[in-house]
Each structure stands twice: as C-alpha cells, then as structure tokens.
Amino acid sequence: MHNVVKSELKSGALVERAETLAVVAVSHHGRLRVPSFASNVFRIAARELRDSARSRWFLLYTAAFVALGLGVSYVSAASSGGSGLSGFGRTTAGLINLVILVVPLMALSAGAGSIASDRERGMLAYMLAQPITRLELLLGKFTGLAAVLLTSICLGFGVCAAILAWKGSRADPVALASLVGLTFLLAMSMLGTGLLISVATRKSSVAMGVAIFSWLTLVFVSDLGLMAGAVALRMRIENLFALSLVNPMQVFKMWALVSSDTSLDVLGPAGLYATDTWGAGVTWIFACVMVLWIILPLTAAAAIFSRRSPI
Amino acid sequence: MISIEGVSMAFGRFQAVDDVSLSVAAGQSLALWGPNGAGKSTIIRCVLGLYRYSGSIRIGGLDVQRHGKEARRLIGYVPQEIGFYDDLRVHEAVGFFGGLKCVAVRDPDSVLDGVGLCGHAGKRIRELSGGMKQRLALAVALLGDPPVLVLDEVTASLDAMGRDELVGLLAQLSRDGRAMLFASHRQDEVHTLADRVAILERGRLQREGSPAELLDASMTASHLKFHAAEVRHA
C-alpha cells in the first residue's frame with residue numbers, strides 16, 4: 001500500500017485524485033455550486049442575443065438585407081411574370097447573389113467585433129475571472145451571434161416573401177426554407193471565421209479590417225482568381241471544381257442551385273463535370289465542405305483563445 | 001485558502017513575476033505592495049487564471065490551472081476599472097453575473113443595498129459614476145458569498161471621497177472571515193485593510209511582514225528631495 005502511494009506521488013496521480021476530491025467537495029457545498037458547461041454557454045448566448053438585438057449593426061444589416069431583398073424580389077418577379085421564389089427564377093438567382101454579398105459581411109463583422117472589442121474594453125478579462133471557461137465563453141458568443149444572424153436572415157427572407165405574396169407572386173415555402181437554411185449555414189461558417197479573426201487580433205479596428213479584407217478576398221478575388229486561373233493555367237476541370245469548393249460562398253451558390261432543382265450546367269463546364277461525376281452525391285460534398293467550414297475555424301479559434309492572454 | 005508557490009511569469013523576455021511564494025489563510029488579509037511594474041497585478045491575474053505561469057497556485061486546495069472554473073467560483077474579484085456592458089441595467093448585471101456563479105438573485109435591491117447602491121437598480125451602467133461602478137463590482141464579487149476576495153488596485157481611479165467610502169466597505173468585509181488578497185500602492189489602504197504586507201519589486205518578493213513593519217522600513221528608507229529654483233540677486 002505504502003509503495004502504491006509512493007509511486008502515485010511520483011507520477012502525480014495522487015495529487016490529481018486529491019484535486020478531484022476537492023472539486024467534488026466544493027461542488028457539493030450547498031452555496032458554492034459550480035455552473036455547468038451548458039448553463040454558461042446559454043447565459044453568454046442569451047446576453048449576446050440581447051446585446052446584438054439592441055445594437056445598431058444588427059438593425060442596419062437587417063434593414064439593408066430586407067430592402068435589397070425586396071428590391072431584387074420585386075424587380076425579378078415583375079420582369080418574370082410573377083414567378084416569385086419558386087423554382088430557379090430570376091428571383092432566386094438574385095437572392096443568391098444578394099446573400100453572397102450581404103450575409104458573409106454581416107457574419108464576419110459580427111464575429112470579428114465580439115472578442116476583440118471585449119478585450120479592448122477590459123470586459124474579457126473580467127468575464128474570464130468569473131467561473132467560466134474560455135471554451136464556454138467562445139461557444140456562448142458563437143451561439144448567441146448565430147441566433148442573431150438567423151433572426152436577421154429569417155426577417156429578411158420573411159418580409160420579402162410576405163410582400164411578394166401580398167403582391168400576388170407565388171412563394172414556394174420549401175424553396176424558401178431551403179434557401180434560409182443554406183444561408184444560415186453560410187452565415188455560421190463566416191461567423192466562425194470572424195471569431196477566429198477576433199481571437200487572433202488585439203484591437204477591434206484591426207479585427208474589422210481583417211474581416212473586411214477576408215470578405216473582399218472571398219467575394220471578388222477568389223471568384224476572379226478562379227476565372228483567371230482557369231484561363232491562364234489551362235486548369236483541368238476537376239481542379240477547377242475542387243478549387244471552387246475551397247470557397248464557402250461558391251459552395252453555397254452551387255448548393256443553392258442544386259436545391260432549387262436547377263442543374264449545375266448553368267455554371268459551365270465545372271458544373272457539368274460535377275453533375276456528371278457525382279450526380280446527386282454532389283449535395284453531400286457541399287454539406288461536408290460547409291460543415292468543415294463551420295467546425296475548422298471555430299476549432300482554430302478555440303485553440304488560439306485557450307493560449308492567448310485576455311488582456 | 002490561497003497558496004502561491006514558486007510562481008514565475010514572463011512577458012517575452014521581461015520577467016514580470018520571479019519565483020514568488022505567498023499564502024493567505026481564511027480570515028487573513030494580504031496586501032501586495034510596491035511601485036508600478038512590481039508585479040502586483042500580474043500575480044493577481046495569475047491567481048485568477050488569466051495568465052499562464054510556472055509554479056503552483058491553489059485556491060481552497062484547487063489548482064488554478066487545472067480546475068480554474070471551480071477555483072474561480074471561490075473568488076470574488078474586483079478589478080481596477082470595471083468594463084461592464086454599458087447599456088446593461090444595474091439589476092440586469094447583478095442577475096447575469098449571479099447566473100454565472102449559480103446564484104439566483106431574487107432581490108437585487110438587497111444585494112445592492114449592502115454596498116450602498118440602493119435605489120440605483122434601474123439605472124444603466126453608463127449612468128453610474130466611477131465609484132458607483134466599483135461598488136457594483138464589489139456587489140457582484142460578493143454574490144454567492146465567496147470565501148476569497150481578490151482586489152486589484154480598486155481605488156486607483158476614484159476620487160478621495162469615493163476611495164474613503166470603498167475602503168470603509170472593504171474594511172468591514174475584511175473582518176468577516178474571508179481571505180483577502182489585494183494590490184495597492186497606497187499606504188493608508190494597506191494600513192486599514194491588511195494583516196500582512198508583501199513588498200514586491202521588479203517581480204520579486206522583497207520582504208513580508210506586518211503593516212507596522214512596512215511603515216518602519218519605508219520611514220527609514222525614505223528620502224525627501226527638494227528642488228528649488230536658484231534666485232539670483234544682482
């Protein structure tokens with residue numbers, strides 16, 4: 001027995017056991033309960049949701065999204081004889097392009113501003129001095145901001161659909177729900193990237209700058225770069241398709257087209273290649289890439305956040 | 001209640017804390033005293049688990065680096081300057097931080113009354129003065145009746161009246177059996193609040209003793225330099 005204790009002391013196992021016992025003892029002390037992981041994530045998320053709902057950025061982005069969405073929907077529906085949101089009409093094409101422009105910017109800036117501005121105000125250190133882990137804080141922020149973005153997206157699409165319906169245009173609920181769902185996935189992937197930028201930078205102004213630069217890169221540079229690369233390097237069609245999967249906005253665009261029963265042929269040879277090679281399975285490729293785009297930046301953010309000083 | 005053993009911490013090449021060992025028992029109050037850059041705030045941030053360090057810090061037997069969340073549940077912390085969410089109302093802040101400590105705050109007024117903030121529950125935090133914000137931070141720190149209080153130069157940003165009021169409140173709290181660790185570079189605060197004083201300089205513990213010993217040491221080591229312009233008479 002003595003030898004067992006000695007060997008445990010050497011390996012540090014005894015210390016570990018004693019610490020575990022101390023934790024249990026404290027946890028069972030009536031007035032000193034330790035909050036659970038889920039309750040902390042929920043509280044931070046609720047706080048974030050309430051803060052964002054009161055903030056100007058949320059109202060501004062939502063109003064811009066609704067106004068632009070209405071403009072696109074109304075003009076497209078009018079010119080296509082009232083096809084509204086059903087099928088691959090001009091409305092859906094217009095809304096997909098609108099989503100690619102507005103939603104990533106909204107999500108990137110929301111994520112980039114969150115941790116960095118808390119750090120700048122001294123709020124981050126104060127929060128982390130409470131009984132909360134860094135992972136709980138990060139996931140709480142992610143969940144709260146994701147809820148804010150979902151609200152904004154639903155409001156945007158909802159108002160568009162309501163006004164189109166009032167004007168007599170048909171709005172297929174399944175097509176609409178599918179577009180909302182895909183938009184939300186895109187928003188979450190960009191939110192994770194925004195949080196990664198936020199934990200990696202010290203100042204909120206720098207974080208916002210990097211977020212806007214990332215948005216510009218994903219929206220314009222990668223699109224133009226892909227086209228230029230395909231021509232200049234005489235890229236093989238499978239490489240072109242693989243490269244387009246690197247950009248979540250391209251994945252969103254292709255997935256939205258597939259989900260609206262439109263052949264990817266409209267995207268040209270790369271789309272044709274995807275349809276011929278993967279068939280219906282291409283949806284799974286899009287889903288996997290999108291999920292990776294949500295998980296990987298968030299995991300990287302958690303890893304950096306756990307090591308960096310909050311001050 | 002607080003045990004700091006051989007703690008060192010560096011910012012790059014700058015050694016902010018160098019092999020410091022201290023302990024604070026329940027009912028004791030220890031002041032970290034020293035000039036700016038002595039390492040007082042860094043030690044406090046290590047105690048809170050905000051910085052990574054070498055050595056060991058235990059709160060109520062819990063290792064801060066391994067069981068940070070549980071250890072921080074035992075701590076009530078008041079920083080030098082509070083950065084609460086500005087548009088939050090006072091009672092909302094109490095409720096929010098109470099939730100993070102697993103404390104259901106049914107009557108925020110009674111909590112606020114204890115720190116002299118009665119009648120301010122409905123105000124937004126941005127409407128509070130610096131002294132009121134510090135009182136609110138103290139009310140939040142006391143939620144759940146933690147056995148350890150950690151204070152980081154809490155009066156540094158207050159005027160004379162605000163400082164006296166807050167020190168009076170803290171003096172009451174230091175007599176109710178909590179372990180208190182606080183950083184200060186004001187002798188009057190140290191004398192009012194501390195049972196023992198740890199004098200730090202450039203991250204190293206120079207000496208530890210009673211506030212009276214500190215006063216003696218500082219009296220013998222003080223030099224008053226007086227510079228006056230030379231007046232030339234023609």
Side-chain angles (χ1 to χ4, degrees), chain A residues 12 15-37 39-48 50-56 114 117-137 140 306-311, chain B residues 9 11 41-42 44-52 56 58-88 92-93 95-104 124-125 137 140-141 143-148 150 152:
Chain A
V15 175
E16 190 79 45
R17 266 171 48 191
E19 280 173 355
T20 311
L21 284 173
V23 173
V24 173
V26 169
S27 301
H28 282 88
H29 196 295
R31 63 196 181 113
L32 292 176
R33 280 191 303 135
V34 179
S36 69
F37 181 90
S39 87
N40 271 351
V41 170
F42 174 76
R43 277 178 204 287
I44 299 295
R47 172 82 263 127
E48 205 64 37
R50 288 185 66 179
D51 269 3
S52 302
R54 288 178 190 171
S55 73
R56 285 183 195 143
S114 64
S117 68
D118 276 4
R119 180 186 279 123
E120 224 168 43
R121 285 188 295 168
M123 191 66 207
L124 187 60
Y126 186 66
M127 285 296 298
L128 292 174
Q130 310 301 324
I132 185 169
T133 65
R134 293 178 188 214
L135 183 63
E136 287 165 1
L137 184 71
S306 69
R307 289 195 199 100
R308 288 205 92 170
S309 153
I311 298 156
Chain B
M9 195 270 165
F11 296 105
S41 293
T42 308
I44 282 188
R45 286 164 187 170
C46 289
V47 166
L48 295 166
L50 299 178
Y51 288 153
R52 288 183 174 273
S56 157
R58 286 170 181 274
I59 309 291
L62 297 167
D63 188 299
V64 168
Q65 298 206 100
R66 285 187 187 167
H67 302 293
K69 185 172 161 181
E70 290 80 5
R72 285 191 292 276
R73 178 62 189 88
L74 302 175
I75 298 174
Y77 167 60
V78 185
Q80 186 174 338
E81 218 165 313
I82 194 73
F84 278 124
Y85 297 109
D86 272 356
D87 61 344
L88 216 62
E92 288 176 331
F96 173 66
F97 286 101
L100 289 182
K101 293 179 172 193
C102 273
V103 178
R124 291 197 190 279
I125 289 171
V140 167
L143 285 171
D145 197 17
V148 177
V150 175
D152 187 8

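Letters A, B, ... mirror the listed sequences (proteins, then strands); counts begin at 1. Values below: all heavy atoms of this structure, side chains included; hydrogens, waters and symmetry mates excluded.
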(request) Determine the minimum heavy-atom distance between B:Glu70 and A:Val34, stating which atoms define it. (result) CG-CG2, 3.9 Å
(message) For A:Ile311, which atoms come within 4.5 Å of any heavy atom of chain B: side chain, backbone, both, or neither?
(response) side chain
(message) Could you measure the distance from the CE atom of A:Met127 to the CG atom of B:Leu50? Nearest 0.5 Å is fine.
(response) 12.0 Å
(request) Name the member of B:Leu88, B:Val150, B:Val140 that forms the most heavy-atom pairs with chain A at distances under 4.5 Å. (result) B:Leu88
(request) Starting at CZ of B:Arg72, measure out to CD of A:Gln130 and round the result to the nearest 0.5 Å. (result) 9.0 Å
(message) So B:Asp87 and A:Asp51, do their side chains get closer than 4.5 Å, heavy atoms only?
(response) yes
(request) Report the option among A:Ala125, A:Gly122, A:Ser39 that has the most heavy-atom pairs separated by less than 4.5 Å from atoms of chain B. (result) A:Ala125
(request) Please work out which of the three classes, parallel, tilted or perpendicular, describes the rings of B:Tyr77 and A:Tyr126, given edges at 30° and 60°. (result) tilted
(request) Sort B:Glu81 into side chain, backbone, both or neither according to what part of it lies under 4.5 angstrom from a heavy atom of chain A. (result) neither
(request) Check whether NZ of the Lys or CZ of the Arg A:Arg47 lies under 6.0 Å from the centre of the six-membered ring of B:Phe96 and within 45 degrees of that ring's axis. (result) yes
(request) Side chain from CB out, backbone as N, CA, C, O: work out which of these in A:Ser306 comes under 4.5 Å of a heavy atom of chain B, or both, or neither. (result) backbone
(request) Could you have a look at B:Lys69, B:Arg52, B:Arg45, B:Glu92 and say which one has the most heavy-atom pairs with chain A under 4.5 angstrom? (result) B:Lys69
(message) With chain B as the partner, which of A:Arg121, A:Met123, A:Arg308 has the greatest number of non-hydrogen pairs under 4.5 Å?
(response) A:Met123
